[in-house]
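Below is one structure, written out as structure tokens; the observations come after it.
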Amino acid sequence: MNTMRSFIAGLENDGDLVRVGEYVDPVLEIAEVSDREMKKPGGGKALLFENNGTPYPVVVNLYGSGRRVAKALYCGDPADKSEQMASLFASLSAPKSTLASKLKMFPLLKDISGYFPRHKSGHGICQEVVDKEVDLSSLPVLKCWPYDGGRFVTLPMVNTVDPTTGIRNVGMYRVQILDNKTTAMHWHLHKTGARHFNEYKRLGRRMPCAVVLGGDPVYAYCATAPLPDGIDEYLLAGFLRGKSVGLVKCLTQPEICVPEDADIVIEGYIDPAEDLVLEGPFGDHTGFYSLADYYPKFHVTCITHRKDAVYPATVVGVPPMEDAYISSATEKIFRFPITMAYAPEMVDLHMPPAGVEHNLTLVKIHNQYPGNALKIKNAMWGAGQMMFNKILVVYSGGEDLRDYSRFVGDALSRFVPTRDVHIENCGVSDVLDHSSRRFACGGKMCLDCTGEPTGHDGVGECPVKFVFVKDKSRLPVREHARNLIDGGCVVKIMVFVDEGLPEDDYNLLVWYAAGNVDPAVDCFVMDNGHGGCLCMDATAKSRGDDGFERDWPEVVMSDSGTIKAVDSKDFMAKSGILAASPSIKLQKMRYNNGAVKFFNSNG
């Protein structure tokens, strides 16, 4: 089984790791170096920062390629795990009409029992060293972006238990350092950790908690997996690696059990009777800052670690980043359970990195009857974390969803905007969706691309047009769209974005468009005499121009000082990391010095 050290050694043997011996500051510099490497084709290499001012080396981009994710999940391709899961479910659900068929189940059940976590007595390797004086400043916690509210633990496995059932949950919720002994615990209202917190609050009890770092890399993946509430993440880890996870009790919070081979364990509690604390801002995986809000305070009672502990971290921001490869593995592994549960006609599912998981999802189906796409829409938006999806494209052609140029052309040849745009006025939104008119509640849009191909209906070779807007106060988007259509512009989709975006970078254009629309308000179909044009107002929204009542966040990017400091590092050229900062092409998008672009809620 993997440990963090053995996994890193394996990557180094494969030539898939860069050791950085020169000092790199955990405040801003590690993130800037990582961003450059992550955005290389294929995700670049894993990075081990050995000189960061603490005893712990920092590893970043551990999951930032298809091959490294597969290695972490003990497979050649995550799709293999989906097939293994399908075979397991098929064997369990097949009718057993004879004694012989029933007896054949025993070896299978024995294998399954080997996946369940094992509770061990005594201490684990994760408790080789016990820090008697709690001091979070001893850890190389990163500050990733200039306007982050502080330093954040970005790859934590937060372990909690339901106070009434005792069922464990392991979630990945960012943790902001407040001082040497306390942090803020950022779990969204839809997450299981938040539900556990509310239960402890109802019972008037302190909530024990443990933040686990490192160990077998499969653990962190499982903390991100979209499992139903009540399904143990360490059971999934046992399934993926083919062997159970050994657990030991925490020293000061014995209600919580953690993997014996973890690198670092931060034990503590949350008192629901205490006031919430201000957490954030944070440069998030959406590519925008998630703005400051109030979350529970976590009191650290103990820090334990193994003698050779490594501190794992990730950096999120404008895609593609490391999390894109984790999402790619998830869509492969969980495609079968989705198909089995509520979408048997689904052939494939893909969440493009530009869609940052929830903003844009592509689904390929066997179209069996009229309205099949709408059935898929209703099923997807009512199931688990897919309820956060904002734009869903349902397609029935023969192209690969990941071959974007071929897929988009064929999908749009089947798409008639006046017929195939379906907008829901209100649904559950991700807490991080800044574009919804209401917090965590906004519109959704489904594009039905399951019709017969009809060509582009006179719209030419490019059925999508991006329009760059400089001043909406002079000409509102709807008027601009009407003028273009009346002036003879015939396209199927017209997307309005802010001036300053690189016009030739379609990854950034799609990311910006999907992130900045509330379909209920910002998407509309206009008649153009050729089946209509879907118009999308993906510009930044303000109270003055748009009547938008919530603060609008800035795009996440490095500052010029950090870029210059990293450019001057000797190791950059020697290690092959030297590249222009990805933030340079975003600098024209900056409006304010801070995490907020428009302070709409303050007038």
Side-chain angles (χ1 to χ4, degrees), residues 1-8 10-11 14 16 46 59 62-92 107-119 126 155-159 167-172 192 212-247 257-263 312 314 322-341 349 351 384-385:
M1 295 297 106
N2 286 322
T3 64
M4 184 60 67
R5 285 282 185 179
S6 68
F7 191 79
I8 289 170
L11 295 181
D14 295 340
D16 208 8
V59 65
L62 200 66
Y63 306 89
S65 74
R67 63 186 174 274
R68 291 200 294 279
V69 170
K71 188 179 181 72
L73 302 185
Y74 296 86
C75 62
D77 186 325
D80 299 340
K81 293 297 182 180
S82 185
E83 293 177 8
Q84 185 182 349
M85 195 180 295
S87 176
L88 177 64
F89 274 93
S91 298
L92 291 172
L108 177 62
L109 295 174
K110 182 180 179 181
D111 288 342
I112 295 172
S113 68
Y115 303 150
F116 283 87
R118 294 177 293 108
H119 291 78
C126 65
L155 208 60
M157 295 167 275
V158 180
N159 290 244
I167 295 176
R168 173 176 38 248
N169 180 69
V170 186
M172 188 161 287
T192 305
V212 174
L213 295 163
D216 191 328
V218 76
Y219 301 156
Y221 169 77
C222 292
T224 72
L227 294 174
D229 193 353
I231 301 298
D232 194 333
E233 285 77 12
Y234 294 133
L235 171 59
L236 175 62
F239 167 75
L240 291 173
R241 69 183 198 163
K243 183 181 179 181
S244 63
V245 177
L247 302 176
C257 293
V258 296
E260 61 175 336
D261 58 348
D263 280 67
T314 191
E322 179 177 10
D323 58 317
Y325 297 93
I326 296 174
S327 295
S328 178
T330 295
E331 70 186 30
K332 291 180 180 180
I333 292 173
F334 287 91
R335 192 183 79 188
F336 168 73
I338 292 173
T339 302
M340 178 177 166
L349 177 148
M351 296 175 286
Q385 293 190 30

Problem set entry | Nearest-0.5 Å distance, CD1 of residue Ile231 to CG of residue Asn169 | 11.0 Å
Problem set entry | Gap separating the CG atom of Asp261 from the SG atom of Cys126, nearest 0.5 angstrom | 8.0 Å
Problem set entry | Passing candidate, side-chain contact (heavy atoms from CB on, under 4.5 Å) with Tyr115, options Val245, Leu235, Leu236, Leu240 | Leu235
Exercise. Where is the tightest heavy-atom contact between His119 and Cys257, given as atom of each residue plus distance?
Worked result: CD2-SG, 3.5 Å
Exercise. For Gly214 and Pro312, which heavy atoms make the closest approach, and how far apart are they?
Worked result: N-CG, 3.5 Å
For this session: Just do the side-chain contact (heavy atoms from CB on, under 4.5 Å) check on Thr224 and Asp323 with the steps written out, would you?
Result: CA-CA 10 Å; Thr224 72; Asp323 58 317; over 6 Å; no
Problem set entry | Point-to-point distance, once rounded to the nearest 0.5 Å, from CZ of Arg168 to CD of Glu233 | 8.5 Å
Exercise. Going through the checks in order, is the side-chain contact (heavy atoms from CB on, under 4.5 Å) test met by Asp232 and Ile167?
Worked result: CA-CA 8 Å; Asp232 194 333; Ile167 295 176; over 6 Å; no
Exercise. Hey, does Asp14 have a side-chain heavy atom less than 4.5 Å from the side chain of Lys71?
Worked result: yes
Exercise. Mind checking whether Leu62 and Leu11 have side chains closer than 4.5 Å, heavy atoms only?
Worked result: yes
Exercise. How far apart are the closest heavy atoms of Ala329 and Val69, and which atoms are they?
Worked result: CB-CG1, 3.4 Å
For this session: Please report the shortest heavy-atom distance between Arg241 and Lys243, naming the atom on each side.
Result: NE-O, 3.0 Å
Problem set entry | side chain to side chain donor-acceptor pair (under 3.5 Å) partners for Ser328, two or more places apart | none
Seminar exercise, completed: Residue set satisfying side-chain contact (heavy atoms from CB on, under 4.5 Å) with Ala72, at least two apart, ordered chain then number -> Phe7, Tyr63, Pro217
Seminar exercise, completed: What one should report as the nearest heavy-atom pair of Lys81 and Cys75 is CE-CB, 3.9 Å
For this session: Could you please spell out the steps behind the side-chain contact (heavy atoms from CB on, under 4.5 Å) verdict for Leu213 and Met4?
Result: CA-CA 10 Å; Leu213 295 163; Met4 184 60 67; over 6 Å; no
Problem set entry | Side-chain H-bond candidate by donor/acceptor type, Tyr74 with Asp216, under 3.5 Å | yes
Exercise. Between atom CZ of Arg67 and atom OH of Tyr325, what is the distance when rounded to the nearest 0.5 Å?
Worked result: 8.5 Å
Seminar exercise, completed: Here the pair of heavy atoms bringing Met157 nearest to Val170 is CB-CG1, 3.7 Å
For this session: Taking Glu322 for its side chain and Thr314 for its backbone only, find out whether a donor-acceptor pair lies under 3.5 Å.
Result: no
For this session: Could you give me the CA-CA distance, side-chain angles and deciding distance for Tyr234 and Asn159, then say whether side-chain hydrogen bond (donor to acceptor under 3.5 Å, both in side chains) is met?
Result: CA-CA 11 Å; Tyr234 294 133; Asn159 290 244; 2.8 Å; yes
